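Only one structure is covered here, and it is reproduced in the block below.
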Amino acid sequence: MMRKAAILAAMLVTALAVPALAGEIAPQDRKSGYTGMSAENRAMQDDDTINPATLWVLDGEALWSAKAGAANQSCAGCHGDAAVSMKGVSARYPAFDDASRAPVDIEQRINLCRTRHQNATPLPPESRDLVALSAFIGRQSRGLPIATPDDPRLKPFLARGKALYTQRQGQINLSCAQCHDDNWGRNLAGNIVPQGHPNGYPLYRLEWQSVGTLQRRLRNCLTGIRAEPYAYNAPDYVALELYLRQRAAGMLVETPAVRP
Amino acid sequence: MPTACSTRSPARRSAEPIAAAALAVLTAAAAMPARADGLVAYRIVDAAIPASLTGQPGDATRGRAIVANRQIGLCVLCHSGPFPELRFHSDLAPDLTGIGNRMSEGELRLRVVDASHANPQTIMPSYYRVDGLTRVTPALRGKPLLDAGQIEDVVAYLKTLKE
């Protein structure tokens, strides 16, 4: 009896302690970064004719049909009409790649087709062509819910991503969660802290004057807390992307979004 | 998550007698001998650091410039305060207006040196600490956010924030 009571008391204490440490955002409280933007920026995202990212999408469309590599094959040659074959695809990335025995994000998946199927060199991280192809493929999922695959092989990578997300780091010693779970909606030097969702990427960032991938955004947050950013394509970036995707499951894809 | 603050309290790690520290003030600029990590040792008494880290009072004008600078002090990323020249507002932390009434000099010094002493979960960085950190940008490793002189300038400024 005594032990039971002690366990119960302990449980009560933990239950009470949890809200104080804040924590994960309940599904009904999830908000896209879009909601915290000015009306001007929202209008820019909503109208393809003024969204600067449209230029990248059009470039991506042209690249989709261009033959490349020693195989002299275009993406379209194998995949046909992207509006059909790529619909909903980037909404479920990162996904497990058998040969890599690890999850790959959508940009890495594009490069796998370059090396495996086109006999071409991989496109450099954040290069115009890679970002354009990714924005074009992402555009085919716009309005669809993020759906990270329910693949048991992803479990250890998700756990790694979550550990990275909740770990304090950098000279400023903050975790992603301390800003994006515990302090979203507050003002940080005039910027509203967003919940940190990945649903708009690749997107046009006004500060970049360019379209960039989710890894580029994560790099910005890491340097912001004076932490050493990972090298592009490092497994830890993909683990973080995977966790962010699962955390945003069900949110609608906005690619290519606009952010300040 | 950081370790419990008691395990890294510099007061526990270095037990230099106060007399030696006093002597150091007389003979050198530093109030206390340097610790292994190169930082000046300090003593926590009743949730405060009563003695200046440099043995000298800080300069409030320089302190204001540090506090109001979002790249150097970073304070205004989280706090608001009497900074009419800043065109943005932050509300991750309490407004600093009147903090000189609410906290003693020693309490202010401990708050800035190691905010985690009062609250291990705090989002406020410990400005004078280099241990227990992860993946710090290589060029900044082993360097505290503010040096001892800057800490004293900030404390001198916070003391003037009276209503």
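Since we're looking at a predicted model, the values are computed, not measured. Below, chains carry the letters A, B, ... as their sequence lines are ordered, and counting in each starts from 1.
Looking at residues two or more places apart in sequence or on another chain, you find no ring pair (Phe, Tyr, Trp, His ring centres under 6.0 Å) involving Tyr157(B).
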Please step through side-chain contact (heavy atoms from CB on, under 4.5 Å) for the pair Leu188(A) and Leu92(B), ending with a clear verdict.
CA-CA 7 Å; Leu188(A) 187 145; Leu92(B) 271 69; 4.1 Å; yes
Just do the side-chain contact (heavy atoms from CB on, under 4.5 Å) check on Leu174(A) and Met124(B) with the steps written out, would you?
CA-CA 9 Å; Leu174(A) 284 173; Met124(B) 177 160 160; over 6 Å; no
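With Arg135(B) contributing its side chain and Gln169(A) its backbone, the two residues share no donor-acceptor pair below 3.5 Å. Checking side-chain atoms of Ser90(B) against main-chain N and O of Ala189(A) turns up a donor-acceptor pair under 3.5 Å.
Of the atoms belonging to Arg141(B), it is side-chain heavy atoms, and not backbone ones, that fall under 4.5 Å from chain A. The parts of Ile172(A) that come within reach of chain B are both its backbone and its side chain, each placing non-hydrogen atoms under 4.5 angstrom from that chain.
The candidate with the highest count of non-hydrogen atom pairs below 4.5 Å against chain A, out of Leu133(B), Leu86(B), Val76(B), is Leu133(B). Top candidate by heavy-atom pairs under 4.5 Å with chain A, chosen from Thr134(B), Val136(B), Asp91(B), Val130(B), is Asp91(B). The most heavy-atom pairs under 4.5 Å with chain B, out of Cys179(A), Gly190(A), Gly170(A), Pro229(A), come from Gly170(A).
Enclosure of atom CG in Asp150(A) is not indicated, since only 12 or fewer non-hydrogen atoms of other residues, nucleotides or ligands lie within 6.0 angstrom. More than 12 heavy-atom neighbours from other residues, nucleotides or ligands sit within 6.0 angstrom of CG on Asp29(A).
Remark: Ile123(B) CD1 to Asn183(A) CG distance equals 4.5 Å, nearest 0.5 Å. Note that OG of Ser126(B) and CD of Gln171(A) are 11.5 Å apart. Values are rounded to the nearest 0.5 Å.
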